[in-house]
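Proteins get letters first, then strands, A, B, ... in listed order; numbering begins at 1 in each.
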Number of protein chains: 2
Amino acid sequence: MSTSTPNLEEAAFLRHYDPALYDRPSFSVDLVIFTAHEAQLQVLLVKRGAHPYKGCWALPGGFLDLHRDSTLQACAERKLLEKTGVKAPYLEQLRTYGSRDRDPRHWTATAAYFALIAAPAVHLGGGPDAVRWAPVCDRAVADPLAFDHATILADAIERLRAKLEYTHIAVHLLPEEFTLPQLQQVYEIILQQPLDKSSFRRRVAEADMLEPVARQSRNGSGRPAQFYRFRDYDRRTFFPRSISRNAR
Amino acid sequence: MSTSTPNLEEAAFLRHYDPALYDRPSFSVDLVIFTAHEAQLQVLLVKRGAHPYKGCWALPGGFLDLHRDSTLQACAERKLLEKTGVKAPYLEQLRTYGSRDRDPRHWTATAAYFALIAAPAVHLGGGPDAVRWAPVCDRAVADPLAFDHATILADAIERLRAKLEYTHIAVHLLPEEFTLPQLQQVYEIILQQPLDKSSFRRRVAEADMLEPVARQSRNGSGRPAQFYRFRDYDRRTFFPRSISRNAR
DNA sequence: GGCCATTAGTTGCTTTATGCCACTATTATG
DNA sequence: CATAATAGTGGCATAAAGCAACTAATGGCC
């Protein structure tokens with residue numbers, strides 16, 4: 001990214017030569033990387049090292065590399081790998097934010113993606129940037145975010161909540177093998193309301209998404225819980241009803 | 001839009017001058033404009049007058065104008081107005097498609113929007129382009145479409161179907177005043193299955209979205225139907241359950 | 001006018017899903 | 001061996017959805 005102002009004479013020439021070439025917004029990809037950890041939904045933030053918003057926390061991201069990235073999705077996958085060192089089990093485009101005002105320098109657009117990863121999978125601190133997990137509380141994090149990243153984050157949380165109702169993406173916030181109480185806790189963390197155990201289990205059973213594995217938890221006192229594995233990561237099936245109807 | 005190939009020497013200079021300026025994909029906005037007409041879901045297509053895909057049907061759209069459009073949404077609104085002459089009651093971003101391959105010339109990205117308008121509202125044939133409504137059958141139209149527009153269309157239909165289940169956007173496919181049988185027909189057209197009249201009306205009544213107006217239909221034989229008006233275009237309320245559960 | 005076809009709109013019963021709460025099961029701990 | 005703690009099941013009251021028969025209001029036709 002450059003902070004120099006365009007040479008207007010040159011720009012005018014280029015515009016004449018090929019209008020489509022010059023009339024392009026600066027285009028980047030930003031990531032909203034979620035994990036569920038310690039009874040909280042958390043999002044990965046990086047501290048900006050350059051102006052504008054220098055020193056401010058922001059969503060990880062960066063500009064497209066037209067030579068390396070053959071698709072937008074590939075660019076998002078590359079940046080995710082660079083930031084977290086893992087290939088996320090779930091990565092989905094959120095939407096694209098484009099306006100003259102979102103960056104004080106010029107017209108910019110950013111394609112926002114959101115990713116779900118299991119908390120233990122990530123080892124931060126690889127690069128020189130300051131990186132941290134920030135707990136999400138009521139559609140936002142405690143710190144102010146650069147650009148329109150607070151809006152992007154709020155939209156991502158809304159999308160995540162909505163998709164929890166009719167898809168099984170919650171499993172991607174857990175390790176490959178997990179228990180039903182763990183899964184229910186993920187739902188409760190994200191929907192921010194307690195769910196009825198009996199109804200929750202009935203619904204999960206009806207969806208027929210999980211297969212038991214020969215393993216049981218040993219978490220201190222109490223009856224050990226059965227571990228399960230998500231049956232088919234490719235299949236996109238739906239709950240017959242909204243799961244938040246199981247609220248108590 | 002230009003079909004000339006970039007001057008590589010010049011491009012290299014510009015890249016040196018401002019890497020962020022040159023490393024940008026060509027960026028456009030495409031529209032999926034839906035209407036419900038004659039018991040079919042229809043989508044607006046234009047015939048391409050330039051290469052590539054010259055003579056092929058395509059979704060309407062075009063490049064951003066960084067001087068006129070302050071946001072992506074504004075650009076979509078402008079193009080919609082240019083194509084249809086109306087301000088659509090519903091316009092929503094679908095997603096952005098970007099890859100090296102979708103245009104044979106170079107790396108391109110397009111932000112796709114979908115719009116819903118009432119059939120009688122539109123008067124086509126304003127511009128020199130060939131424009132037509134194409135009936136949608138099973139997530140596609142009869143003709144092959146330019147670029148990846150068939151994919152975009154399929155995604156738009158999927159989004160429309162999904163949103164029909166939990167929002168009231170269907171009303172935007174009808175004139176301001178409409179009858180319940182008309183509304184039910186819109187649902188049946190898009191979901192492609194007959195719905196139970198009694199359950200449908202019960203659900204619409206529970207949602208409390210419509211207010212009756214002092215007007216009745218005179219459509220040939222049969223009892224005249226009550227007209228209604230959508231109560232609040234701004235409010236985003238939801239059906240408590242998926243409406244397609246009313247399938248017979 | 002009277003009958004019929006046609007479409008709009010209502011009612012009530014049956015079936016299914018959900019909310020709720022109590023119950024059993026299996027472990028650790030003292 | 002009792003108790004606390006967590007996992008998991010069962011049953012019943014209530015609410016919603018499916019289904020089909022019913023009434024209502026219009027135009028067309030004799």
Side-chain angles (χ1 to χ4, degrees), chain A residues 38-39 164-166 174-175 177-189 191 193-229 237-248, chain B residues 38-39 164-166 174-175 177-189 191 193-229 237-248:
Chain A
E38 291 179 0
L164 225 55
E165 304 278 348
Y166 62 93
L174 291 168
E177 299 185 353
F178 53 87
T179 68
L180 290 186
Q182 282 173 353
L183 184 63
Q184 182 174 345
Q185 199 194 15
V186 168
Y187 274 89
E188 291 175 341
I189 287 170
L191 297 176
Q193 59 181 349
L195 300 178
D196 178 68
K197 181 172 52 163
S198 172
S199 301
F200 181 84
R201 298 174 76 98
R202 185 163 47 201
R203 298 268 306 261
V204 170
E206 278 165 10
D208 195 30
M209 297 310 302
L210 305 182
E211 57 189 12
V213 295
R215 185 176 158 214
Q216 291 202 323
S217 68
R218 286 290 149 87
N219 52 340
S221 74
R223 175 175 173 175
Q226 176 66 51
F227 272 88
Y228 292 87
R229 169 192 296 277
T237 48
F238 297 87
F239 285 114
R241 295 261 191 309
S242 160
I243 202 150
S244 69
R245 289 187 57 84
N246 296 336
R248 298 187 56 97
Chain B
E38 291 179 1
L164 224 55
E165 304 278 349
Y166 61 93
L174 291 169
E177 298 186 353
F178 53 88
T179 69
L180 290 186
Q182 282 173 353
L183 185 62
Q184 183 173 345
Q185 199 195 16
V186 168
Y187 274 88
E188 291 175 342
I189 288 171
L191 298 176
Q193 61 181 348
L195 300 178
D196 177 68
K197 180 172 54 164
S198 169
S199 302
F200 181 84
R201 298 173 76 98
R202 185 163 48 201
R203 297 266 307 260
V204 170
E206 276 166 10
D208 196 30
M209 297 309 302
L210 306 181
E211 56 188 12
V213 296
R215 185 177 156 213
Q216 291 201 323
S217 70
R218 284 292 148 85
N219 52 341
S221 73
R223 175 175 171 174
Q226 177 66 51
F227 273 88
Y228 292 86
R229 169 192 296 277
T237 49
F238 297 86
F239 285 115
R241 295 263 191 310
S242 160
I243 202 150
S244 68
R245 289 186 56 84
N246 295 336
R248 301 187 55 96

Below 3.5 Å is the cut-off: list the nitrogen or oxygen pairs between protein and nucleotides 11-15 of chain C, distance only.
residue : atom : partner   : partner atom : Å
dT11(C) : O4   : Ser198(B) : OG           : 2.8

* To do: Could you tell me which residues satisfy salt bridge (charged side-chain N to carboxylate O under 4.0 Å, His left out) with Glu38(B), sequence neighbours excluded, listed by chain and number?
  => none
* Glu177(A): salt bridge (charged side-chain N to carboxylate O under 4.0 Å, His left out) partners, not counting sequence neighbours -> Arg215(A), Arg229(A)
* Asked: Taking only residues two or more places apart in sequence, or in another chain, which ones meet Arg223(A) in a side-chain hydrogen bond (donor to acceptor under 3.5 Å, both in side chains)?
  -> none
* About how many Å separate CG of Leu183(B) and CZ of Arg201(B), when rounded to the nearest 0.5 Å? -> 10.0 Å
* From Tyr187(A) OH over to Phe200(A) CZ, what is the distance, rounded to the nearest 0.5 angstrom? -> 5.5 Å
* **Contact list for residues 178-187 of chain A, test salt bridge (charged side-chain N to carboxylate O under 4.0 Å, His left out), sequence neighbours left out** => none
* **Check against side chain to side chain contact (heavy atoms under 4.5 Å, CB included), Gln193(B) and Glu188(B)** => CA-CA 5 Å; Gln193(B) 61 181 348; Glu188(B) 291 175 342; over 6 Å; no
* To do: Provide, to the nearest angstrom, the distance between the CG atom belonging to Asp196(A) and the C1' atom belonging to dC21(C).
  => 9 Å
* Once you round it to whole Å, what is the distance between P of dC21(C) and CG of Leu195(A)? -> 15 Å
Report each atom pair, protein N/O against N/O of nucleotides 7-9 of chain C, whose distance is under 3.5 angstrom.
residue : atom : partner   : partner atom : Å
dT7(C)  : O2   : Arg223(B) : N            : 2.9
dA8(C)  : O4'  : Arg223(B) : O            : 3.4
dA8(C)  : N3   : Arg223(B) : NH1          : 3.4
dG9(C)  : OP1  : Gln226(B) : N            : 2.7
dG9(C)  : OP2  : Arg201(B) : NH1          : 3.1
dG9(C)  : OP2  : Arg201(B) : NH2          : 3.2
dG9(C)  : O5'  : Arg201(B) : NH2          : 2.9
dG9(C)  : N7   : Lys197(B) : NZ           : 2.5
dG9(C)  : O6   : Lys197(B) : NZ           : 3.0

* Which of these, Leu180(B), Val204(B), Thr179(B), sits in a side-chain contact (heavy atoms from CB on, under 4.5 Å) with Tyr228(B)? -> Leu180(B)
